[in-house]
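Scroll down for the structure; my scribbles are underneath it.
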Amino acid sequence: MSPLKLFCFSVLLCFLGVATLAAQEKPYFVTYTQDLEEPGNLEIETKTAIARPDASNRFAATALEFEYGLRAWWTTELYLDGQTTAADSTIFTGFRIENRLRPLNSEHIINPVLYVEYENITGADKTIIEVVGHDGQSDLATPNAEARKEHQHEAELKLLLSSNLRHWNISENFIAEKKLRHAPWEFGYAIAAARPIRAAYGPRECTFCAERFILGVESYGGLGNTDSLTLHDTSHYVGPTAQWQLPGGIRLTFEPAFGLTDSSLNRLYRVGVAYEFEHFGRRFKKEAQ
Amino acid sequence: MKISLASALRPVLFAALRFTFLVMLLVSSSALAAQNAANIAAGKRLYHEHCEQCHRPEARGDGAKRPALRDDTIGVISDADLEKFIRNGDRRKGMPSWSGLPLEQRQQLIAYLRSLK
């Protein structure tokens, strides 16, 4: 399915919903926080990355995300990835399945979350949902026809650490990724912080008021692999990020990120559109009765 | 002459002071009441967005695992303990943690729950 079709499909699904929900989600694209999906809720989100590698054409890659709260301590997620590259083609690039578990029952200053992912993607995947090892812009410059021949089955583990302090969320993620054949472990990181412009809610429903906007900053990059545990030839990004939580439960997020090394893309723009359905699981149960 | 003028003015002065004090009390208590009403209204919005799906409209509970949160059921818990519970949640029993909301919003939620009688 092309990214455009994926996007249309998710927008269509959005209109099937009726609930007005706001989530505790933060405006991050790579970094995960301690906040899980509320049990029974389904969130659908598109995360699009737009960039142009030095040696290639502009691309837009979309990850369509289905995030479901199985339990208050367990969230599971399916990603469908696709991309379109100018003067090249539009292709589906694979899927990922991910689980996030919170081992501790109550809140602490730093809250750990365990993250386990299986990826089945091709070399043409450009969603840049994480940066690990020596990932760089040259990986994104191979023509689609050639890049899609490379199949990657990968396992990924992350330790997510996150703190909610008064108005701020601060999160740090450590990533370890391994192709399921003989290949070294690759490492990466993501850190981010954000807060709403105004902490308290106003008494009346509003669209443009300060409590509906969350601002933050996010940074992520690769840390080499077990064969070459060095920062040489690694990519790193940093950028401001902003989220607008519209009444009715739609969230829009935008992040321009700037590459910090030669291997990084110069600029990487990200756009996210999300919608949450309450008690999605229960609807099916009701219909079955 | 001077002494008698001062003693004549004294009750007037006292009356003026008492009047000012009363006006200040009235103004500040009505400002407080307005602030409280605004917090309750804000808490109601927050409740609708985050809690109603489980604890049902007007916090009446779902009659099963999700308890009612009206003042008569949570009345014995102090605001501080209530805030702590909402912040922590009880994930094993299905209550999410709400530490991702700013403290002010959890306090507004409590103001709303306390207003339900």
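Just so it is clear, the values below take in all heavy atoms, side chains as well, and ignore hydrogens, waters and symmetry mates. This structure is a prediction, so every number in the text was calculated from the model and none was measured. So that the names make sense, note that chain A is the first sequence line, chain B the second, and so on, each numbered from 1.
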Heavy-atom pairs under 4.5 Å with chain A - which of [options] has more of them than the others?
| options | answer |
| --- | --- |
| Ser99(B), Pro96(B), Ala38(B) | Ser99(B) |
| Ala41(B), Ala37(B), Gly100(B) | Gly100(B) |
| Glu104(B), Gln105(B), Arg45(B) | Arg45(B) |

Q | Which atoms of Arg195(A) approach chain B - backbone, side chain, both or neither, heavy atom under 4.5 Å | A |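 Neither part, no heavy atoms under 4.5 Å.
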(Q) For Gln34(A), which atoms come within 4.5 Å of any heavy atom of chain B: side chain, backbone, both, or neither? (A)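 Just the side chain, heavy atoms under 4.5 Å.
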Expected output: side-chain [X] to main-chain [Y] donor-acceptor under 3.5 Å:
| X | Y | result |
| --- | --- | --- |
| Asn105(A) | Arg91(B) | yes |
| Gln24(A) | Ser97(B) | yes |
| Gln108(B) | Tyr201(A) | yes |

**Q.** Pairwise distance CD(Glu38(A)) to CH2(Trp98(B)) - rounded to 0.5 angstrom
**A.**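 One gets 4.0 Å once the value is rounded to the nearest 0.5 Å.
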(Q) Could you measure the distance from the CG atom of Leu101(B) to the CG atom of Asp35(A)? Nearest 0.5 Å is fine. (A)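 Spacing of CG (Leu101(B)) from CG (Asp35(A)) equals 8.5 Å.
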Q: With sequence neighbours left out, write down each residue that passes side chain to side chain donor-acceptor pair (under 3.5 Å) with Glu52(B), or none if nothing qualifies.
A: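 Glu52(B): side chain to side chain donor-acceptor pair (under 3.5 Å) contacts with His48(B).
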Q. Quick one: side chain to side chain donor-acceptor pair (under 3.5 Å) partners of Tyr237(A), sequence neighbours excluded?
A.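 Partners of Tyr237(A) under the side chain to side chain donor-acceptor pair (under 3.5 Å) test: none.
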Heavy atoms of other groups near [X] [atom1], more than 12 under 6.0 Å:
| X | atom1 | value |
| --- | --- | --- |
| Ile109(A) | CD1 | no |
| Trp244(A) | CH2 | yes |
| Lys44(B) | NZ | no |

Q: Sort out for me which of Glu205(A), Lys26(A), Arg71(A) touches chain B most, counting heavy-atom pairs under 4.5 Å.
A: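 It is Glu205(A).
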(Q) Can you list the residues of residues 163-171 of chain A that sit under 4.5 Å from chain B, counting heavy atoms only? (A)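 Asn164(A), Arg166(A), His167(A), listed by number.
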Q: Taking ring pair (Phe, Tyr, Trp, His ring centres under 6.0 Å) as the test, write out the residues that go with Tyr79(A), two or more places apart.
A: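 With neighbours one apart ignored, the set is empty.
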Q. What is the minimum heavy-atom distance between Pro39(A) and Gly94(B), and which atoms define it?
A.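 Residues Pro39(A) and Gly94(B), closest heavy atoms: CG-O, 4.0 Å.
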Q: Take Arg212(A) and Glu49(B) through the test salt bridge (Lys or Arg N to Asp or Glu O under 4.0 Å) and record every step on the way to the result.
A: CA-CA 13 Å; Arg212(A) 294 217 169 266; Glu49(B) 287 180 9; 3.3 Å; yes
Q | Portion of Asn39(B) that has a non-hydrogen atom of chain A nearer than 4.5 angstrom | A |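 When you check distances to chain A, no heavy atom of Asn39(B) falls under 4.5 Å.
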